[in-house]
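In what follows, chains are A, B, ... by sequence order, proteins preceding strands, each numbered from 1.
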Amino acid sequence: AQSVTQLDSHVSVSEGTPVLLRCNYSSSYSPSLFWYVQHPNKGLQLLLKYTSAATLVKGINGFEAEFKKSETSFHLTKPSAHMSDAAEYFCVVSGGPTGNQFYFGTGTSLTVIP
Amino acid sequence: DGGITQSPKYLFRKEGQNVTLSCEQNLNHDAMYWYRQDPGQGLRLIYYSQIVNDFQKGDIAEGYSVSREKKESFPLTVTSAQKNPTAFYLCASSISSGGFSYEQYFGPGTRLTVT
């Protein structure tokens, strides 16, 4: 079975400081992992994805994530937060017999303090 | 411009009425999905379709119905049997999996309020 745990429901950082959003996953298969961002009352936008290539994945807007199989983690980071980064972030694992079913974490709300 | 459109953005209905949410994509994707989002929760899968004229129930299908008569369209009907229909509904599409996982592209969502 696949599942995702986002370890923090809310994270606050000051503008210009690093961002760390934590995600642990569980999967009976070789997983694909994704991070999505959602601004208020909007759809989800893909930030980055891991699909068994390089373990350090670079995404849009300066975000990156590292797949660590031994720790079953896929944490999202950014060196320097910007005000526009304030949003809800979802970690997603997919895979399994039907291939493309997504399993979402409950989300992490990121606040950026000026 | 390729993408997914959902209409309307906001929808208000009286309790006991069925309502249909529209989802159209021009990405030529085979697979389409409907999710429900409630405050403080992740997205929950209602229905998905990997090919025209075929669809499967997701985790919370009760009180919902779908059709997939055309590749580009996947409308969702919220029936009067759905006990708590007020929510934000998101449609998504992807390349059909064939056993692999491809990213899903999301529409802007429809916020349904039932009173």
Side-chain angles (χ1 to χ4, degrees), chain A residues 1-10 21 23-25 27-53 57 59-60 65 67 74 87-109, chain B residues 3-11 21 23 25 27 29-51 54-60 87-113:
Chain A
Q2 276 74 251
S3 68
V4 166
T5 301
Q6 291 184 243
L7 298 166
D8 306 291
S9 59
H10 191 90
L21 305 183
C23 172
N24 286 353
Y25 71 91
S27 179
S28 305
Y29 303 86
S30 294
S32 292
L33 292 155
F34 307 82
W35 275 99
Y36 282 83
V37 62
Q38 184 182 34
H39 289 92
N41 293 309
K42 302 288 188 186
L44 276 67
Q45 181 185 16
L46 179 68
L47 279 177
L48 49 80
K49 62 180 179 180
Y50 166 79
T51 54
S52 77
V57 181
I60 62 170
F67 174 71
F74 190 57
E88 190 86 15
Y89 292 79
F90 292 97
C91 183
V92 181
V93 64
S94 74
T98 59
N100 217 32
Q101 188 155 345
F102 273 24
Y103 298 87
F104 285 80
T106 51
T108 298
S109 176
Chain B
I4 301 176
T5 56
Q6 290 186 244
S7 60
K9 188 171 177 64
Y10 297 96
L11 190 54
L21 282 59
C23 178
Q25 55 99 358
L27 299 168
H29 286 166
D30 287 311
M32 296 186 74
Y33 312 81
W34 273 107
Y35 294 92
R36 171 184 171 131
Q37 186 177 25
D38 295 284
Q41 300 190 33
L43 277 66
R44 292 182 290 167
L45 182 65
I46 305 172
Y47 269 98
Y48 65 102
S49 167
Q50 295 192 343
I51 197 167
D54 188 46
F55 48 82
Q56 284 78 43
K57 292 181 180 180
D59 301 318
I60 56 164
F88 191 50
Y89 291 88
L90 287 157
C91 179
S93 71
S94 72
I95 298 171
S96 190
S97 63
F100 296 96
S101 294
Y102 296 98
E103 62 266 35
Q104 295 183 10
Y105 294 82
F106 285 81
T110 292
R111 185 165 297 281
L112 173 64
T113 302

*If you round to the nearest 0.5 Å, how far is CD of A:Gln45 from CD of B:Glu103?*
12.0 Å
_Heavy-atom side-chain proximity of B:Gln37 to A:Phe90 below 4.5 angstrom_ = yes
*Atom group of A:Leu46 that falls short of 4.5 Å from chain B, counting heavy atoms*: side chain
*Please say which of B:Tyr35, B:Phe106, B:Tyr105 ends up in a ring-ring contact (aromatic ring centres under 6.0 Å, His included) with A:Tyr36.*
B:Phe106
*With a 4.5 Å heavy-atom cut-off, do B:Gln104 and A:Phe34 have their side chains touching?*
no
*asked:* Please classify the contact of A:Gln38 with chain B as side chain, backbone, both or neither, using a heavy-atom distance under 4.5 Å.
replied: side chain
*asked:* I need the A:Ser94 OG to B:Tyr102 OH distance, nearest 0.5 Å.
replied: 11.0 Å
*asked:* Using the salt bridge (charged side-chain N to carboxylate O under 4.0 Å, His left out) criterion, which residues pair with B:Arg111? Sequence neighbours excluded.
replied: none
*Name the region of B:Leu43, side chain, backbone, both or neither, that has any atom closer than 4.5 Å to a heavy atom of chain A.*
both
*Are any non-hydrogen side-chain atoms of A:Phe102 and B:Tyr33 less than 4.5 angstrom apart?*
no
